[in-house]
Q: 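Supplied in structure tokens, the structure appears directly below.
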Amino acid sequence: MTAPGSASSNYATERETTEGRVFTVTGGDWDTITGSIDPLSNEKIVVNMGPQHPSTHGVLRLVLELEGETVTEVRPVIGYLHTGIEKNLEYRNWTQGTTFVTRADYLAPLFNEAGYCLAVEKLLGITDQITERANTIRVLFMELNRISSHLVWIATTGMELGAISMMLYGFREREYILDIFEETSGLRMNHAYFRPGGVAQDIPESAIKKIRDFLVYMPKKLKEYEALLSGQIIWQERTQGVAVLDVTGCLALGVTGPVLRASGLAWDLRKTMPYCGYEDYEFDVPTATTGDVWGRYLVRIAEIRESLKIVEQALDRLKPGPIFIADKKIAWPAQLAVGIDGMGNSLEHVAKIMGQSMESLIHHFKLVTEGFRVPPGQVYVSIEHPRGELGVHAVSDGGTHPYRVHMRDPSFVNLQAIPAMAEGALLADVIAGGASLDPVMGGCDR
Amino acid sequence: MSIESTGGVPVNAEPVGADIDAPAQVPPNPQKGMFGIHGTGDVSGFGGLVRRRPDVTGSPKPYGGYFDEVTDALEEAYPLFADAIEKVVVDRDELTLHVKPEKIAEVAQIMRDDESLRFELCSSVSGVDYLNSDARRLHVTYHLTSMTYRRRVRLEVAVPVDGAVPSVTSVYPTADWQERETYDMFGVIFTGHPNLTRILMPDDWEGHPQRKDYPLGGVPVEYKGAEIPPPDQRRVYQ
């Protein structure tokens, strides 16, 4: 840009009059002229969105540089929910670890537990000894959890884009799933239900009946959601062509899960690197090709349908049998049961260790206070989390406590894509794009 | 007044305070902190036994599975293979290549680009502190995934406390935040990283919390104008 009034300007001459500055224009560079007379044209505003903001899914802070309504730069700032879960794990025994990791991504607690337990089991070399019933229960509960996590996604994203009633419906249906979890594990969230070696206790008949009812109930509700959102012009305008990220961008930034599948790559660890017996289930991997928020919406709705299919198959496979590994050096001795005040040792087990068998008491005491030893080494296990690849890198030095556990949380990695999706777009699309990544800060910051 | 000691417990020790004609003193209480807790205790599960960490030794060929194909392809594509790869370890069905720190970015580049390797996705970058192992106690692990061949491999580098590792962000942009986290938690410097700042801890934090010689302890917290000391420094009630 040529400085106004400079001698070298070929485009316009100017002179001062009593009316103000007057240009004599001979054609050409109008930007120079408008730029020199409008001091507001290149004003930039820096806005802090968050860490306390209803549309940032928790304590995410976005430092936005705006020119008018256009976003020129986004810098995500995280760490506001860092709770030191990985450090704390090193001071507890391997079984207690599930209680910590379940609190990382609080919308998908069972996935955190599953990833961690699979890693510990791989370290112990007992992956093949996990009973069929335990694996089936794990698949069943992970898929229910995937549905509940996706429901929260639809609920909150609907709310952020102006469909408030969607929020009420999404949370209503999620509550149904949380009831199933509560009936089985004693807790609505943060279950610590999966343990290294199996699951903490068996599913009661009443919960199975509830799941059967849910399988009838949920498809109807899904149709309602689609009737509410898919044809709605505001929803379409807010999502179609917004926050586009293609396969190249996803792979470079490490983005996995529904966001990657919405850009066309059918990468789902349940299919490509199966675990917990997923290879025996019949289901499809839904994809879209648009790579925008709309595509991610379609993929997630379709994934709920696929999860319902898996849940139904898992229920049919559920044959009576042990839910914990047979090896008594690892299996939790207490027969845990859900009472009116939550989960605890069953009365029969308490009667046995306190009244009948001194050896049982010693065994219980040693295993519960000290835990089991895990041979030294390191493993990396990854599972398909509702948000992408959840990796657990567990290192043992041969002791009863983890030496190091790192969780590669999909929220953490996917959040790096916000600048790529939002820069150059409008401020309102930052909300849509950020929401479509479905970040959960508990998992991101750990 | 000295008491002859034969190396054991002094049997004829004068009571404390007897020499200065003062009332017997209460011996200093070695305990501190809430409920008498000092430090974080022995949480190793070894009950005070000395831990010996077995050396990680290289595995003999053939490695089995796809591991031979991966190492052979890398050896073919990378002329400096023998120099850059310190050892190859196969454990629990996982392949680990221990790489010289200064070579990690080159190796990552070939792992991503070579037709027969194709590790397109860098799943995870994180650190492990092997305190008391040797001088190169900080390890950085890279978990690469090949979507084409559905394979995984782990690259591992070891550096001393003030050591540096070339950043792989130019090869895998996704490593950006993960390297920042590894720097934040372990203090490993990634040279060539575009913006190596703390990510989870506050910017002015001192120390690197995931190191093994960093205690679990706590920090004082200000609440409604009063400073609350961390749990291990609060007054003792007993």
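Residue numbers begin at 1 in each chain, while the letters A, B, ... track the order of the sequences.
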Q: Mind checking whether A:Tyr91 and A:His401 have ring centres under 6.0 Å apart?
A: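 Ring centres of A:His401 and A:Tyr91 not closer than 6.0 Å.
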Q: Heavy-atom distance under 4.5 Å to chain B: side chain of A:Phe412, backbone, both or neither?
A: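 Both the backbone and the side chain of A:Phe412 come within 4.5 Å of chain B.
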Q: By the definition salt bridge (Lys or Arg N to Asp or Glu O under 4.0 Å), identify the one residue from A:Arg103, A:Arg408, A:Arg404 that meets it with A:Glu86.
A: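 Only one of A:Arg103, A:Arg408, A:Arg404 forms a salt bridge (Lys or Arg N to Asp or Glu O under 4.0 Å) with A:Glu86, namely A:Arg404.
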Q: Quick one: what part of B:Arg211 sits under 4.5 Å from any heavy atom of chain A, side chain, backbone, both or neither?
A: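 Looking at B:Arg211, just its backbone touches chain A.
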Q: Do B:Phe119 and B:Tyr149 have ring centres separated by under 6.0 Å?
A: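 Centroid distance B:Phe119-B:Tyr149: not below 6.0 Å, so no.
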Q: Compute the ring centroids of B:His143 and A:Tyr380, then answer whether they are less than 6.0 Å apart.
A: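 Yes, they do, as the ring centres are separated by less than 6.0 Å.
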Q: Non-hydrogen atoms of chain B under 4.5 Å away: do they reach the side chain of A:Leu415, the backbone, both or neither?
A: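 Both backbone and side chain.
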Q: Will you find, in the side chains of A:Ser382 and B:Arg152, an N or O donor that is under 3.5 Å from an N or O acceptor?
A: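 Yes, B:Arg152 and A:Ser382 have a side-chain donor paired with an acceptor closer than 3.5 Å.
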Q: Given a strict heavy-atom distance threshold of 4.5 Å, which part of B:Gln178 is in contact with chain A: side chain, backbone, both, or neither?
A: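 Answer is both: backbone and side chain atoms of B:Gln178 are under 4.5 Å from chain A.
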Q: For B:Val171, is it the side chain, the backbone, both, or neither that has a heavy atom closer than 4.5 Å to a heavy atom of chain A?
A: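 Neither part, no heavy atoms under 4.5 Å.
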Q: Under 6.0 Å between ring centres, would you say that holds for B:Tyr183 and B:Phe186?
A: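 No, the ring of B:Tyr183 stays outside the 6.0 Å limit from the ring of B:Phe186, centre to centre.
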Q: Of all of B:Asp91, B:Ile199, B:Asp176, B:Leu121, which one pairs up most often with chain A through heavy atoms under 4.5 Å apart?
A: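 Max contact count across the listed options: B:Ile199.
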Q: Heavy-atom distance under 4.5 Å to chain A: side chain of B:Pro173, backbone, both or neither?
A: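 Both backbone and side chain.
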Q: Go through the atoms of A:Val379 and report whether side chain, backbone, both or neither lie under 4.5 Å from a heavy atom of chain B.
A: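 It is both, since atoms from each part get that close.
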Q: Determine the option with the most heavy-atom pairs under 4.5 angstrom with chain B, choosing from A:Arg446, A:Gln416, A:His393.
A: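 Highest number of heavy-atom pairs under 4.5 Å: A:Gln416.
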Q: What residue, out of A:Val77, A:Leu123, A:Thr127, has the most heavy-atom pairs lying under 4.5 Å from chain B?
A: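 Option with the greatest count: A:Leu123.
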Q: Which answer fits B:Arg154, side chain, backbone, both or neither, if we ask what part of it has an atom under 4.5 Å from a heavy atom of chain A?
A: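 For B:Arg154, side-chain heavy atoms alone lie under 4.5 Å from chain A.
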Q: If you count heavy atoms of other groups shown closer than 6.0 angstrom to CG of B:Asp93, is the number above 12?
A: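 Open.
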Q: May I ask you to name which of A:His82, A:Lys87, A:Glu389 has the most heavy-atom pairs under 4.5 Å with chain B?
A: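 Most heavy-atom pairs within the cutoff with chain B belong to A:Lys87.
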Q: A:Pro375 versus chain B, heavy atoms under 4.5 Å apart: side chain, backbone, both or neither?
A: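 Both backbone and side chain.
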Q: Please check if atom NZ in A:Lys329 has more than 12 non-hydrogen atoms from other residues, nucleotides or ligands closer than 6.0 Å.
A: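 No, the 6.0 Å shell around NZ holds no more than 12 heavy atoms from other groups.
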Q: Can you say whether A:Leu390 sits under 4.5 Å from chain B via the side chain, the backbone, both, or neither, judging by heavy atoms?
A: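 No part of it gets close to chain B.
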Q: Using only atom types and a distance under 3.5 Å, with no angle test, would you say the side chain of A:Arg92 pairs donor to acceptor with the backbone of A:Gly97?
A: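 No, because the side chain of A:Arg92 does not come within donor-acceptor range (under 3.5 Å) of the backbone of A:Gly97.
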Q: With chain A, which of B:Glu181, B:Met201, B:Met185 has the greatest number of heavy-atom pairs at distances under 4.5 Å?
A: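 The candidate making the most pairs under 4.5 Å is B:Glu181.
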